[in-house]
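By convention in this document, chain letters (A, B, ...) are assigned in the order of the sequence lines, proteins followed by strands, and residues within each chain are numbered from 1.
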There are 2 protein chains.
Amino acid sequence: MAFTDRSRPARDAILAAARRRFADEGYDRATVRAIAGDAGVDPSMVIRYFGSKRELFTAAAEFDLRLPDLTRVPRADVGRTLAEHLLLRWGSDDALAIMLRGAVTDDAAAERTREIFAGQLLPVVAALTGDPAGAPERAGLVATQALGAVLCRYVLRLPPVVALPDAELVGWLGPTLQRYLVGER
Amino acid sequence: MAFTDRSRPARDAILAAARRRFADEGYDRATVRAIAGDAGVDPSMVIRYFGSKRELFTAAAEFDLRLPDLTRVPRADVGRTLAEHLLLRWGSDDALAIMLRGAVTDDAAAERTREIFAGQLLPVVAALTGDPAGAPERAGLVATQALGAVLCRYVLRLPPVVALPDAELVGWLGPTLQRYLVGER
DNA sequence: CGCAGTTGCCAACGCCCGTTGGCATACGAT
DNA sequence: ATCGTATGCCAACGGGCGTTGGCAACTGCG
């Protein structure tokens with residue numbers, strides 16, 4: 001069975017609703033029925049169009065972090081540039097919340113997170129550093145600080161971290177990322 | 001209804017099994033039935049002794065991070081000391097995994113995390129810094145790095161972060177925490 | 001026009017969940 | 001020894017879940 005353009009609005013609505021629900025509630029709590037309700041669609045259509053709840057999640061968790069090419073910014077600014085990008089772009093988007101909430105809940109989603117890490121963050125770091133052997137380690141360190149910040153700010157909502165203005169947070173995190181990216185070992 | 005010492009072994013077994021399950025699977029996936037099975041007990045006993053699944057979680061998530069008194073270590077070593085404590089103590093324990101997995105899944109658990117943050121980490125930081133107004137901000141920053149490291153290492157299991165030896169990880173994270181704790185703003 | 005195939009809706013299935021109530025059994029205070 | 005009560009087990013409940021199959025309505029191609 002194939003799908004025609006006629007069902008595009010429905011499929012798009014389902015995907016949008018799924019992203020919102022998965023981001024807000026995580027994999028387990030976001031129910032197919034609720035997603036269908038948000039999308040104004042029957043639950044059975046969700047299964048028809050996406051196969052299963054898990055496949056729907058996979059489709060919803062497909063995203064491009066669009067990391068900047070750090071080789072094109074002055075070497076002294078790479079930490080700040082990355083921090084800005086992570087907090088401003090990822091913060092406003094649901095992408096990272098989906099990723100975190102899903103990854104913590106679901107093993108398949110955790111695997112997906114590792115893929116995104118290996119496929120998107122690691123290459124950027126590897127291209128930047130003159131230390132190819134140390135690239136995975138450096139990328140991992142960057143992840144600890146970047147994901148930790150997103151976690152505390154957008155998922156746990158720790159009050160002082162939420163209250164901190166973007167610029168100030170970038171001011172703190174930038175040097176940390178700078179050191180992890182290109183600092184001495 | 002009160003409980004006698006006779007049921008202590010059962011209650012302890014339930015609590016231990018709950019900690020393991022909540023840490024491994026998060027709040028939603030850890031079922032009362034599975035916990036009871038692990039503890040060698042009927043599911044109904046879990047409810048009888050703890051009231052409900054949520055109350056069981058609350059009991060299981062009750063823990064003391066036993067943060068060191070940083071005012072008793074040389075000021076230059078506070079970052080490294082804290083990093084060591086977080087990774088070595090929290091890493092070997094299930095406590096933080098319960099906290100993270102629960103907090104991401106469940107609103108009540110997220111609130112609990114905020115309480116632990118405010119009740120245990122913040123005072124340590126406040127006692128340390130000469131900058132009382134900046135203490136919450138500094139504690140928040142420490143949380144981003146510390147929880148991020150635990151997240152990447154023990155929950156997401158990012159390979160490079162898992163592979164990094166404890167000592168080396170402490171070597172990277174120590175200076176970061178040092179700057180957040182007592183560095184210039 | 002006729003027909004194959006997509007769409008949408010409805011009802012239902014089977015499953016597992018947290019939770020409850022009842023009923024023997026074993027204890028411990030009196 | 002007796003009795004109140006805590007313990008343990010069993011069976012069941014109501015409910016929500018993901019998923020399935022069938023059936024009407026509509027579409028677009030020949």
Side-chain angles (χ1 to χ4, degrees), chain A residues 1-61 98 101-102 105-109 112, chain B residues 1-61 98 101-102 105-109 112:
Chain A
M1 166 138 86
F3 304 125
T4 71
D5 282 345
R6 191 148 52 94
S7 61
R8 268 302 290 272
R11 299 207 308 281
D12 289 349
I14 291 169
L15 209 50
R19 274 195 238 270
R20 241 176 296 123
R21 287 279 178 177
F22 283 136
D24 289 347
E25 311 176 0
Y27 181 84
D28 285 324
R29 303 229 168 154
T31 68
V32 170
R33 288 169 144 92
I35 291 168
D38 291 352
V41 151
D42 190 86
S44 64
M45 304 307 291
V46 174
I47 302 298
R48 229 208 299 242
Y49 287 136
F50 291 90
S52 68
K53 183 185 182 182
R54 172 142 318 186
E55 290 172 89
L56 172 61
F57 177 84
T58 301
I98 296 181
R101 281 216 148 90
T105 308
D106 189 80
D107 275 347
R112 186 142 208 86
Chain B
M1 162 140 87
F3 305 123
T4 70
D5 282 344
R6 189 149 53 95
S7 60
R8 268 303 288 271
R11 299 208 308 280
D12 289 349
I14 291 169
L15 209 49
R19 275 195 237 269
R20 241 176 296 122
R21 287 278 178 176
F22 284 136
D24 288 348
E25 310 177 359
Y27 182 84
D28 284 323
R29 302 230 168 154
T31 69
V32 171
R33 288 169 144 92
I35 291 168
D38 291 352
V41 152
D42 191 85
S44 64
M45 303 308 290
V46 174
I47 301 299
R48 198 152 26 190
Y49 287 137
F50 292 90
S52 67
K53 183 184 182 181
R54 172 142 320 187
E55 289 172 90
L56 172 61
F57 178 85
T58 301
I98 296 181
R101 282 217 146 89
T105 308
D106 191 80
D107 276 347
R112 186 141 206 87

Can you check nucleotides 28-30 of chain D for protein contacts, nitrogen or oxygen pairs under 3.5 Å, and list what you find?
none

Extract from the structure each pairing of a protein N or O with an N or O of nucleotides 14-18 of chain C at less than 3.5 Å, listing the distance.
from, atom 1, to, atom 2, distance (Å)
C/dG18, OP1, B/V32, N, 3.2
C/dG18, OP1, B/K53, NZ, 3.1
C/dG18, OP2, B/V32, N, 3.0
C/dG18, N7, B/R33, NH1, 2.4
C/dG18, O6, B/R33, NH1, 3.4
C/dG18, O6, B/R33, NH2, 3.1

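When distances are taken from the side chain of B/S44 to each of D/dG8, D/dC10, D/dT20, the shortest belongs to D/dC10. Side-chain proximity of A/P43 to D/dT19, C/dT19, D/dG8: nearest is D/dT19. In this structure, of D/dC9, D/dA6, D/dG8, it is D/dG8 that holds the atom nearest to the side chain of B/A10.
In this structure, A/Y49 does not reach the C/dT6 phosphate: none of its side-chain N or O atoms is under 4.0 Å from OP1 or OP2. A close approach under 4.0 Å does not occur between any side-chain nitrogen or oxygen of A/S7 and OP1 or OP2 of C/dT6. Applying the 4.0 Å criterion to OP1 and OP2 of D/dT5, one finds that B/T4 has every side-chain N and O outside that range.
Residue B/R8 contributes atom CZ, which lies 16 Å from atom C1' of D/dA6 at whole-angstrom precision. For the pair A/E25 CD and D/dC17 P, the computed distance is 10 Å after rounding to whole Å. Per the geometry, CZ belonging to A/F50 stands 15 Å off P belonging to D/dG18, to the nearest Å. Here the C1' atom of nucleotide C/dT7 and the CG atom of A/D5 are 14 Å apart, to the nearest Å.
Between the side chains of B/S52 and B/E55, at least one donor-acceptor pair of N or O atoms lies under 3.5 Å.
Side-chain atoms of B/D38 and B/I14, non-hydrogen and from C-beta on, never get closer than 4.5 Å to each other.
Judged purely by atom type and a 3.5 angstrom limit, B/K53 uses its side chain to pair as donor or acceptor with the backbone of B/A30.
Taking the ring centre of A/F57 as origin, the terminal cationic atom of A/R19 falls outside the region bounded by 6.0 Å and 45° from the ring axis. By the 6.0 Å and 45° rule, A/R54 stacks over the aromatic ring of A/Y27.
Looking at B/R29 and A/D106, a side-chain N of the basic residue comes within less than 4.0 Å of a carboxylate O on the acidic one, giving a salt bridge.
The ring pair (Phe, Tyr, Trp, His ring centres under 6.0 Å) search around A/Y49 returns A/F3, not counting sequence neighbours.
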